[in-house]
**Student:** 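Have a look at this one before I ask anything.
Throughout, a chain's letter reflects where its sequence line sits, starting with A, and its residues are numbered from 1. Quick note: numbers below take in every heavy atom, side chains included, and nothing from hydrogens, waters or symmetry partners.
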Amino acid sequence: MFKYEVLKVCKQSGARVGKLTTPHGEILTPVFMPVGTNATVKGLTPRDVEETKASIILANTFHLYLRPGEDLVAKAGGLHNFMQWNKPILTDSGGFQVFSLSKLRKINDDGVTFSSYIDGSKHFMSPEKAIQIENKLGADIIMAFDECTEGNADYAESRTALRRTNLWLDRCYKEHKNENQMLFPIVQGNMYKDLRIESVKRVLDYAKCGFSIGGLSVGEPKPVMYEMLDTLREFYPVDQPRYLMGVGSPDCLVEGVLRGIDMFDCVIPTRMARNGTAFTRNGNLTIRNATFAEDFLPVEEGCDCYCCRNFSRAYIRHLIKSDEILGGVLLSIHNIRFLTKLMEDIRQSIWEDRFGDFYKDFVSKYKWGKS
RNA sequence: GGGUAGAUUCCCGAGCGGCCAAAGGGAGCAGACUGUAAAUCUGCCGUCUCUGACUUCGGUGGUCCGAAUCCACCUCUACCCA
């Protein structure tokens, strides 16, 4: 049911194109996966998401457990049916929420006790429970329940979190019974090379058709993240996709592929869209800014997305300034399409053994902020 | 014609003798955002030679050591009475 094949390795860079087969379809890697935490990519219909050529999206166990509840999703026929997305879905386990909602939780080896951000009610999440919920939600790929630490966590704290992540990893695999779902283990270890290496070795004892790298892009500088990826690289088996969790700025995607990463997800294209910023190959454009008030060009010339084919920067700026929902919707469409197109172009350059050149060209043009 | 209330920095609006360049909104401008408690958050928002100085609170004149705040007249606005 699950299969990963490497289709091509770039002679110039070593980056690769692969194909991951799942019950709901095939995914060409390297791939960017848009995030739809609450069983919706914010603001977009599945039709919109499909038009961006996204081949797989994320949803979140933690959020769907709190509302509407995994039983209701199961009753609806599973996530695919509930949200009307018939391509692959990956559910995150809620491990990241242990980190991002840290003020609301208490953690020990058994699991995590936390207060709901919705109504303050007390809940308990364990590796077993997370897997049970993910089984009910029915995504194609499900994530192990891990403990993610902050970018500046000290060694002792990082080691404790890793020990717990490892403990939980075993419990996740014992609990997981649904053969229609591939369980990905998660590498942790913060910014400590020895912990990262220990973690990846451990993870590979469990990984069958894919594994992921978590706990990066959590506040550390980008070069530190790249260093961690460089450290891990020699341990990767060739026959499994490698998923770098939570990474999605255009420059990080390119840097990640160069370091052997096959899968990425991130909220950043949709969040930045709602906050008025667009990705382009020449750098980010804060469409909200006054400079675009009378700019009647599309967000990015040459882009084939619905937004760029039809609307001007001036119009989108007007929508954003007027707090009209459509502004965020259109920019979300563009930003996601920008990333899926970036991945298409990366794959093409790998096929043609020129990803090294593509990388240099991209990095020389793309700027994150104002230059 | 008579009466009453009012005129505050782009807008709304607080201030009612010193702690006022003047609360709070809004608008405007800019920044942040990486497994989404984020259509959110942060900063700036009179001028300047900017750890200080200068010019502002309808206008003019006055009282006072000191006025956006008190007094007089004027202008305008709203409502009421004729």
**Student:** Write down the partner of B:A21 under the Watson-Crick or G-U wobble criteria, each distance required to be under 3.5 Å.
**Tutor:** none

**Student:** Atom pairs, N/O to N/O, protein against nucleotides 10-12 of chain B, distance under 3.5 Å?
**Tutor:**
none

**Student:** Is the shortest side-chain N/O distance from A:Ser249 to OP1 or OP2 of B:U34 below 4.0 Å?
**Tutor:** no

**Student:** Look at all strands and tell whether A:Leu58 reaches a base, only sugar-phosphate, or nothing, counting heavy atoms closer than 4.0 Å.
**Tutor:** sugar-phosphate

**Student:** Which one is paired to B:A14, where only Watson-Crick or G-U wobble pairs with both distances under 3.5 angstrom count?
**Tutor:** none

**Student:** Starting from P on B:U34, measure out to CG on A:Leu339 and report it in whole angstrom.
**Tutor:** 15 Å

**Student:** Minimum heavy-atom separation for A:Leu20 to A:Pro241, with atom names?
**Tutor:** CD1-CG, 4.2 Å

**Student:** Does B:G61 pair with anything, Watson-Crick or G-U wobble, both distances under 3.5 Å, and if so, with which nucleotide?
**Tutor:** B:C71

**Student:** Within the pair A:Asn38 and B:A37, is there a side-chain N or O less than 4.0 Å away from OP1 or OP2?
**Tutor:** no

**Student:** Near RNA chain B, under 4.0 Å by heavy atom, which residues of residues 135-174 of chain A?
**Tutor:** A:Asp146, A:Cys148

**Student:** Looking at A:Ile142, A:Val73, A:Ile89, which one forms a side chain to side chain contact (heavy atoms under 4.5 Å, CB included) with A:Leu137?
**Tutor:** A:Val73

**Student:** So which of A:Val31, A:Val35, A:Leu244 actually passes side chain to side chain contact (heavy atoms under 4.5 Å, CB included) with A:Asp265?
**Tutor:** A:Val35

**Student:** Touch check for A:Leu90, heavy atoms < 4.0 angstrom, all strands: base, sugar-phosphate only, or nothing?
**Tutor:** nothing

**Student:** For B:C79, give the paired nucleotide (Watson-Crick: N1-N3 plus N6-O4 or O6-N4; G-U: N1-O2 and O6-N3; both under 3.5 Å), or none.
**Tutor:** B:G3

**Student:** Check whether A:Tyr65 reaches the backbone of A:Asn60 with its side chain - one donor and one acceptor, N or O, closer than 3.5 Å.
**Tutor:** no

**Student:** Would you classify A:Asp265 as touching base, sugar-phosphate or nothing, given that sugar-phosphate means primed atoms plus P, OP1 and OP2, and contacts are heavy atoms under 4.0 Å?
**Tutor:** sugar-phosphate

**Student:** Expressed as a whole number of Å, how far does the C1' atom of B:G43 sit from that of B:C33?
**Tutor:** 15 Å

**Student:** What orientation do A:Phe279 and A:Trp368 show, parallel under 30°, tilted 30 to 60°, or perpendicular over 60°?
**Tutor:** tilted

**Student:** Reckon A:Trp368 has a side-chain N or O less than 4.0 Å from the OP1 or OP2 of B:A32?
**Tutor:** no

**Student:** Kindly say if A:Lys321 contacts the phosphate of B:C29, meaning a side-chain N or O under 4.0 Å from OP1 or OP2.
**Tutor:** yes

**Student:** Under 4.0 Å, counting only non-hydrogen atoms across every strand here, what does A:Arg317 touch: a base, just sugar-phosphate, or nothing?
**Tutor:** sugar-phosphate

**Student:** With a 4.0 Å limit, can you tell me whether A:Gln97 has a side-chain N or O closer than that to the phosphate oxygens OP1/OP2 of B:A37?
**Tutor:** yes

**Student:** Under the criterion ring-ring contact (aromatic ring centres under 6.0 Å, His included), I'd like the reasoning laid out for A:Tyr192 against A:Tyr155: C-alpha separation, chi angles, the key distance, then a yes or no.
**Tutor:** CA-CA 7 Å; A:Tyr192 303 97; A:Tyr155 189 83; 5.2 Å; yes

**Student:** Could you state the atom-to-atom distance from CE of A:Met125 to P of B:A37 in whole Å?
**Tutor:** 13 Å

**Student:** Should A:Arg271 be listed as having a side-chain N or O under 4.0 Å from OP1 or OP2 of B:U34?
**Tutor:** yes

**Student:** Between A:Asn275 and B:C41, does any side-chain N or O lie under 4.0 Å from OP1 or OP2?
**Tutor:** no

**Student:** A:Gly215 near the nucleic acid: base, sugar-phosphate alone, or nothing, with a heavy-atom cut-off under 4.0 Å?
**Tutor:** base

**Student:** Select base, sugar-phosphate, or nothing to describe what A:Lys222 touches, counting heavy atoms under 4.0 Å on all strands.
**Tutor:** base

**Student:** With ring-ring contact (aromatic ring centres under 6.0 Å, His included) as the criterion, how do A:His63 and A:Tyr117 come out once you've worked through the C-alpha distance, each side chain's angles and the decisive distance to 0.1 Å?
**Tutor:** CA-CA 10 Å; A:His63 298 259; A:Tyr117 66 87; 5.5 Å; yes

**Student:** OP1, OP2 of B:A37 versus side-chain N and O of A:Ser100: anything below 4.0 Å?
**Tutor:** yes

**Student:** Base, sugar-phosphate, or nothing for A:Glu220, non-hydrogen atoms under 4.0 angstrom?
**Tutor:** nothing

**Student:** When rounded to the nearest Å, what value does the distance between P atoms of B:G13 and B:G26 take?
**Tutor:** 16 Å

**Student:** For the P atoms, the ones on B:G6 and on B:A21, what distance do you get once it is rounded to whole angstrom?
**Tutor:** 25 Å

**Student:** Who does B:C54 pair with, Watson-Crick or G-U, both distances under 3.5 Å?
**Tutor:** B:G46

